[in-house]
Colleague: 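Have a look at this one before I ask anything.
Being a predicted model, the structure only gives us computed values, none of them experimental.
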Amino acid sequence: MFNRFGLLVIALAAALTLILLIFPEGGVGIGLVLILTPIVLIICRHFSDDKGFVTKVFILALIPRLAFGIFIHVFDLRSFFGGDSITYDLLGNHLMSIWSGTAVANDFTTQHALSMSGSGWGMNYFVASIYFIVGHNILAAQSICGLIGASTAPMVYLCARKIFDNINVARFSALSIALFPSFIIWSSQLIKDGLVIFLLVLAMTMIIQLQDRFNYASVMVLLLALFSIMSLRFYIFYMVLAAVAGSFLIGMTNTIQAMSRRAIALAILGLGLTYFGVIRTASIDLGQFGSLEAVQRSRLDLATSASSGYGAELDVSTSSGAIAALPMGFTYLMLAPFPWQMENLRQSITLPEVLLWWSMIPLMISGLWYCLRHKLRKAIPILMFTLMLTLAYSIFEGNVGTAYRQRTQIQVFLFMFIGVGWVLLKEKRDDTKLARRKRQETWEASLKGRMS
C-alpha cells in the first residue's frame with residue numbers, strides 16, 4: 001500500500017524543512033517530535049497485532065500535520081485557520097511566567113490563565129507545561145499537538161479492531177483519520193480539537209478493553225482521559241461518563257465475576273474523579289453553562305456574530321424549542337458547509353472534502369445498520385456517545401464554521417461505521433464476481449460437454 005522507507009524519507013525531509021525554515025524554533029519543535037515519536041510507536045506496536053501498519057499510518061498522519069503546521073507558521077495564518085491558538089499561546093506563556101516568578105500574579109490575564117473552570121482551561125496548563133520545559137515556543141507546542149493528532153490514527157485502528165474484529169475495517173478507519181483534511185487542519189494547530197479527539201478515542205478504547213477484560217492499568221488510563229476531557233470540554237465529559245456507565249451496565253457478559261469487576265472499575269473511577277475534584281469542577285461548570293438559557297445565549301452569539309451563522313430565529317431556551325431546532329441543527333452539523341452557500345475562501349477550500357463526505361454517508365448508514373444488528377454490545381459506548389454529542393451540537397451550534405470544526409469529534413467514530421459499510425460493499429462485489437465466474441465456468445463446462 002505504501003512503502004515504510006519512503007515514508008521515513010519524506011518524514012525526515014519534512015523535519016529538515018522545519019529546521020531550515022524556522023530556526024531555532026523549528027529545531028526545538030522537531031526535537032520534541034523525534035523524542036516522543038519512538039515512545040508513541042512502541043506503545044502502539046505493543047498493543048497491535050498489525051505492527052507494520054500502525055507504524056506506517058502514524059508516520060503517514062504525522063507528515064501532513066507537521067507540514068500544515070509549517071505552512072501556517074511561515075505564512076502567519078493562525079488567525080485565518082484557528083485564532084484560538086493565539087489565545088492559548090498568550091495564556092500559556094503567562095501561566096509559565098507565573099510559575100517562573102516573572103509575571104504579575106493579580107491582574108485579569110493571570111486570573112484567566114489560572115482559572116480551572118469553564119471550557120478549555122486545561123489547554124492553558126498544557127501549553128504552559130511545554131513552555132516551562134522548552135521556553136516560549138509556539139511552534140514546539142503546535143508540533144506536540146500535531147504528534148498527538150497523528151497518534152489518533154493508530155488509536156482508531158486499535159479501537160475499531162476491538163469492536164469489529166476486522167482488520168480491513170480497522171485499516172480503513174485509521175487511514176481515513178490520518179488523511180481526511182479536516183482532521184489534519186484541526187490537529188496540526190495549537191488548539192484543543194485534536195487533543196479532544198485523541199482523548200475521546202482513547203477513552204472509548206479503554207471502555208471496550210474493560211468490557212473484555214478488567215485491569216487496573218486500563219482504569220487508570222480511562223480516569224486520566226476523563227480528567228483531561230473535562231479540562232478541555234467539560235460538557236463532553238458527562239457524555240463520556242454516560243457511555244462508561246451505559247456500557248458497563250449492559251456489559252459483554254452478565255456473570256457475577258464480570259459484574260463485580262465492572263462495579264470495581266466504576267467505584268475506582270468515581271473515587272478517582274472525586275479525589276481530583278473533577279466531579280465538583282464539572283458540576284460547577286454544568287450549573288453555570290449547562291442550562292438551556294445559557295445554551296441559547298451561546299447559540300445566538302454564534303448565529304449572529306458572522307455571515308456564516310444560521311438559525312438565529314430559533315430559541316432553544318425551552319425543551320420544545322430545543323426539539324424544534326434539532327432538524328435544522330442536525331442537517332447543518334452533518335452536511336455543512338453547503339456548496340451553494342460558500343461565500344469566501346475559508347468555506348470554498350472545504351468543497352472537495354464536503355463532497356467526499358457526502359459520498360460516504362450511504363456507506364455510513366450501511367455500516368451503522370450492520371453494527372446495530374450484529375455488534376451492538378461491543379459498540380454501545382461509541383453509539384451512546386456519538387448520539388448524545390450529535391444531539392447536543394445539533395441544538396447548540398449556530399455557525400457553519402464551528403459546526404464543520406466540531407463535527408470531527410463525531411466523525412472520528414462515524415468513520416468506523418463507514419469502514420464497515422465499505423468492507424460490506426467490497427465483500428458483496430467480490431461475491432458477485434465469484435458467482436459470475438462460477439456461472440461462466442459452469443456454462444463453459446456444459447458447452448464442452450455438448451461439443452464432445
Side-chain angles (χ1 to χ4, degrees), residues 18 22 25-26 29 33 61-62 64-94 112-113 118-128 130-131 136-152 177 179-200 228-229 231-233 236 298 301-302 305-309 333 336-337 342 344-351 353-354 393 396-412:
L18 180 63
I22 315 108
E25 293 89 348
V33 171
L62 182 62
R65 283 160 175 80
L66 292 180
F68 191 72
I70 295 171
F71 173 75
I72 289 177
H73 186 83
V74 170
F75 294 98
D76 193 22
L77 294 173
R78 286 193 174 89
S79 59
F80 180 82
F81 283 103
D84 292 352
S85 60
I86 300 172
T87 302
Y88 294 134
D89 172 64
L90 172 66
L91 294 176
N93 184 53
H94 193 77
H112 193 178
S119 183
W121 60 266
M123 196 67 184
N124 301 333
Y125 285 82
F126 172 77
V127 176
I130 297 173
Y131 288 174
H136 185 198
N137 188 331
I138 189 171
L139 196 60
Q142 177 180 286
S143 299
I144 297 299
C145 288
L147 179 78
I148 295 173
S151 303
T152 306
I177 302 308
L179 298 175
F180 209 66
S182 56
F183 286 97
I184 295 174
I185 291 172
W186 304 126
S187 64
S188 60
Q189 303 180 68
L190 185 58
I191 54 179
K192 60 189 176 184
D193 296 71
L195 306 185
V196 171
I197 293 170
F198 171 79
L199 290 168
L200 288 175
S228 301
I229 290 170
S231 72
L232 295 173
R233 284 207 167 104
I236 292 182
S298 298
D301 181 60
L302 288 170
S305 60
S307 59
S308 58
L333 177 65
M342 295 181 178
N344 52 54
L345 177 62
R346 196 198 308 261
Q347 295 174 355
S348 299
I349 59 178
T350 67
L351 180 59
E353 178 191 336
V354 168
Y393 279 155
F396 174 78
E397 292 299 344
N399 182 277
V400 170
T402 309
Y404 167 75
R405 177 173 169 176
Q406 296 188 339
R407 184 166 67 212
T408 52
Q409 298 163 28
I410 303 168
Q411 284 177 312
V412 70

Colleague: Would you check if Thr87 and Met123 make a side-chain contact, meaning some heavy-atom pair closer than 4.5 Å?
Modeller: no
Colleague: Would you say Gln189's side chain and Ser85's backbone share a donor-acceptor pair under 3.5 angstrom?
Modeller: no
Colleague: According to side chain to side chain contact (heavy atoms under 4.5 Å, CB included), who are the partners of Leu90, at least two apart in sequence or on a separate chain?
Modeller: none
Colleague: Looking at side-chain heavy atoms only, is the closest gap between Ile191 and Phe81 below 4.5 Å?
Modeller: no
Colleague: What I'd like to find out is whether the side chain of Thr350 reaches to under 4.5 Å of the side chain of Tyr404, using heavy atoms alone.
Modeller: yes
Colleague: Measure the shortest side-chain to side-chain distance between Lys192 and Tyr88 over non-hydrogen atoms and say whether it is less than 4.5 angstrom.
Modeller: yes
Colleague: So how far is it from Ser298 OG to Asn399 CG, rounded to the nearest 0.5 Å?
Modeller: 12.5 Å
Colleague: Run Phe126 and Ser231 through side chain to side chain contact (heavy atoms under 4.5 Å, CB included) and show every step you take.
Modeller: CA-CA 10 Å; Phe126 172 77; Ser231 72; over 6 Å; no
Colleague: Would you check if Val127 and His94 make a side-chain contact, meaning some heavy-atom pair closer than 4.5 Å?
Modeller: no
Colleague: What closest approach, in Å, do Trp186 and Arg405 show between heavy atoms, and which atom pair accounts for it?
Modeller: NE1-CA, 3.5 Å
Colleague: Please verify the inter-ring angle class for Phe75 with Phe71; under 30° counts as parallel, over 60° as perpendicular, anything in between as tilted.
Modeller: tilted
Colleague: Which heavy-atom pair separates Tyr131 from Asn137 by the least distance, and what is that distance?
Modeller: CE2-O, 3.2 Å
Colleague: Could you walk me through whether Thr408 and Phe180 pass side chain to side chain contact (heavy atoms under 4.5 Å, CB included), step by step?
Modeller: CA-CA 10 Å; Thr408 52; Phe180 209 66; over 6 Å; no
Colleague: Check whether Gln142 reaches the backbone of Gly69 with its side chain - one donor and one acceptor, N or O, closer than 3.5 Å.
Modeller: yes
Colleague: Looking only at non-hydrogen atoms, find the nearest pair between Leu232 and Gly122 and report the distance.
Modeller: CD2-C, 4.1 Å
Colleague: Any side-chain heavy atom of Ile410 within less than 4.5 Å of one from Leu333?
Modeller: yes
Colleague: Which heavy atom of Phe396 sits nearest to which heavy atom of Leu302, and what is that distance?
Modeller: CE2-CD1, 3.9 Å
Colleague: Checking side chain to side chain contact (heavy atoms under 4.5 Å, CB included) for the pair Ser182/Gln411: CA distance, chi angles, key distance, verdict?
Modeller: CA-CA 10 Å; Ser182 56; Gln411 284 177 312; 3.8 Å; yes
Colleague: Give, for atom CD1 of Ile185 and atom CG of Asp193, the distance between the pair rounded to the nearest 0.5 Å.
Modeller: 11.5 Å
Colleague: Enter the distance from Leu199:CG to Gln409:CD here, rounded to the nearest 0.5 Å.
Modeller: 11.0 Å
Colleague: Less than 4.5 Å apart, side chain to side chain, heavy atoms only: is that true for Ser308 and Gln347?
Modeller: yes
Colleague: I'd like to check Val33 versus Leu62 (side-chain heavy atoms, cut-off strictly below 4.5 Å). Are they in contact?
Modeller: yes
Colleague: How long is the gap from CG on Asp84 to CG on Leu190, to the nearest 0.5 Å?
Modeller: 9.5 Å
Colleague: Regarding Asp89 and His136, do their side chains bring together a donor and an acceptor under 3.5 Å, going by distance alone?
Modeller: yes
Colleague: Mind checking what makes side chain to side chain contact (heavy atoms under 4.5 Å, CB included) contact with Ile86, not counting sequence neighbours?
Modeller: Arg78, Ser79
Colleague: Work out which heavy atom in Thr152 is nearest to a heavy atom in Gly194; give both atom names and the distance.
Modeller: OG1-O, 4.4 Å
Colleague: Residues two or more places apart in sequence or in another chain: which of them pass side chain to side chain contact (heavy atoms under 4.5 Å, CB included) with Ser188?
Modeller: Arg65, Phe68
Colleague: Looking at every heavy atom in both Ser187 and Gly149, which two are closest together, and how far apart are they?
Modeller: CB-CA, 3.7 Å
